[in-house]
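Please read the structure below before turning to the comments.
Only a predicted model underlies this, so the values are computations on that prediction, with no experimental measurement involved. We count ligands from 1, going down the list as the structure has it; atoms in each ligand are counted the same way.
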Amino acid sequence: MHTGKANFLAVMGAQWGDEGKGKIIDFLAARADVVARFQGGNNAGHTVVVGKEVFKLHHVPSGILSPGTLCLLGSGMVINPVVLVEELAELERRGVDTGSLRISGKAHVIMDYHQALDQANEIFLGAKKIGTTGRGIGPAYADKAYRRGLRMIDFVEPERLRKRLADILPLQNRILQRVYDHPGYDLEELLERCRPASERLRPLVEDVSLLLEQQISRGKRVLFEGAQGTLLDIDHGTYPYVTASSTVSAAIGTGLGIGPHRIGEVLGVAKAYTTRVGEGPFPTEESGEQGRRLRERGFEYGTTTGRPRRCGWFDAVVARYAARVNGLTGLAVTKLDVLTGLETVRLAEGYRFRGQTIRELPVNLADLSDCEPVYRDMPGWGEELTAARSLEDLPAAARAYLEALEESVGVRVALISVGPERSQTITPPGSYLAGWQ
Ligand code: IMP
């Protein structure tokens with residue numbers, strides 16, 4: 001029976017996604033009973049390294065790699081069933097038991113027409129595109145809000161699927177054909193394409209809210225796995241350059257059907273520098289040699305689309321904002337090892353904006369493109385960090401950098417990652433995650 005707050009742990013992206021949440025979740029999942037996702041879909045990409053094996057997960061929580069951990073896909077998610085089935089088949093082919101996955105019947109379905117609409121919309125926008133992953137995420141959430149979405153509970157029941165799709169498809173086709181010059185979709189062909197996924201996923205669809213509440217009341221340890229990052233949140237991110245879901249901790253309640261008091265600690269995951277894929281403002285971006293170096297050393301290419309990530313320095317203003325809107329109680333700093341070899345490491349403590357120095361993000365996040373970072377420069381270090389297993393193993397300059405980061409963000413560092421492997425993780429003394437190992 002687990003009772004401490006840390007046993008109901010939310011793991012949130014504190015930047016623009018790709019912070020290394022997959023590695024952190026995988027590290028913690030070995031001691032978790034449940035890992036639950038509550039938003040997003042297969043726009044997410046988690047890379048998890050276990051020994052020599054590299055797993056790239058899109059829908060399925062990283063907890064699937066820890067045998068016996070119950071993995072839940074919540075009602076706040078959008079799910080592409082055809083892709084999910086492929087993902088499960090690939091995991092099974094590699095010997096991973098996927099029997100512990102359950103899917104909320106209330107989660108919305110991403111259909112082929114959503115993907116077509118997403119891609120056509122980006123082409124239409126041209127230079128003003130969002131830079132989406134092209135996976136149909138936005139149109140699927142839009143249809144949910146329009147009340148013309150298809151839910152997993154309908155998808156897995158052949159009669160309901162046929163009826164619902166017959167109701168929905170004419171309008172989708174009309175939009176595709178008349179607005180985007182797309183040929184549209186045939187009902188029978190679409191049903192045929194859905195059939196194997198519908199059959200495969202039928203036994204997995206359940207009342208996830210009830211399942212989770214039962215687990216919590218039995219004192220099981222739960223991880224809430226965030227996808228994307230705070231600055232990609234539809235409300236609190238750099239709108240319109242955001243994803244279509246709420247990515248902050250408050251979304252856990254609606255996205256899983258539990259009360260907000262069920263969330264204990266809220267761990268924000270942040271890289272020791274910053275990356276972003278897609279368009280939109282990024283004050284600490286380094287577009288020259290420094291950015292290239294971070295990209296090459298950090299292997300910064302999108303897990304879902306393979307796009308090179310934009311790279312820059314750690315932005316404490318962004319992390320401070322993430323701390324506020326998520327209620328962060330701890331920070332997991334990832335990829336610290338990537339900074340090795342730099343003469344100077346920088347972190348942005350504020351911005352110059354319209355002649356003033358500010359410490360918080362501007363009211364209109366679109367103004368971020370006019371913000372000049374105010375950096376604190378610190379001495380770098382030459383030692384490789386990948387073998388460090390405790391705080392004392394880190395060179396003094398790396399420790400000083402972490403302390404500066406902690407002080408500037410105003411949140412304690414609860415975990416440090418110095419490489420992709422589970423073992424390359426440091427739990428500082430006094431961290432509330434010490435009890436997890
Ligand atoms: P969408 O979620 O595919 O609609 O993409 C909207 C924006 O969110 C784009 O800038 C994407 O690059 C970004 N995005 C979506 N998912 C992720 C992710 O998992 N990691 C990083 N960026 C993401």
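Between Ile153 and Arg160, the closest heavy-atom pair is O-NH2, 3.1 Å.
Contact between Val242 and ligand 1 is present, with at least one heavy atom of the residue lying under 4.0 Å from the ligand. Between Ala227 and ligand 1 there is no heavy-atom distance shorter than 4.0 Å. Heavy-atom separations between Ala244 and ligand 1 are all 4.0 Å or longer. For Arg307, the closest heavy-atom approach to ligand 1 falls below 4.0 Å. Proximity of Arg135 to ligand 1 is not established, as no heavy-atom distance is less than 4.0 Å.
Atom 4 (O) of ligand 1 has its nearest heavy-atom neighbour, among Asp18, Thr132, Asn121, in Thr132. Remark: among candidates Thr243, Leu232, Asn43, the nearest residue to atom 14 (N) of ligand 1 is Leu232, based on non-hydrogen atoms.
A salt bridge does not link Arg93 with Glu53: every distance from a Lys NZ or Arg NE/NH1/NH2 to an Asp or Glu carboxylate oxygen is 4.0 Å or more.
Here the side chains of Trp313 and Glu286 are in contact, with some heavy-atom distance below 4.5 Å.
With a 4.0 Å cut-off on non-hydrogen atoms, Trp16 touches ligand 1 through its backbone and not its side chain.
Side chains of Thr132 and Asp118: a donor on one and an acceptor on the other come within 3.5 Å.
In this structure, Phe124 and Tyr180 have perpendicular ring planes: the angle between them is above 60°, well past the 30° mark.
Atom CD1 of Ile234 and atom CD of Gln39 lie 11.5 Å apart (nearest 0.5 Å).
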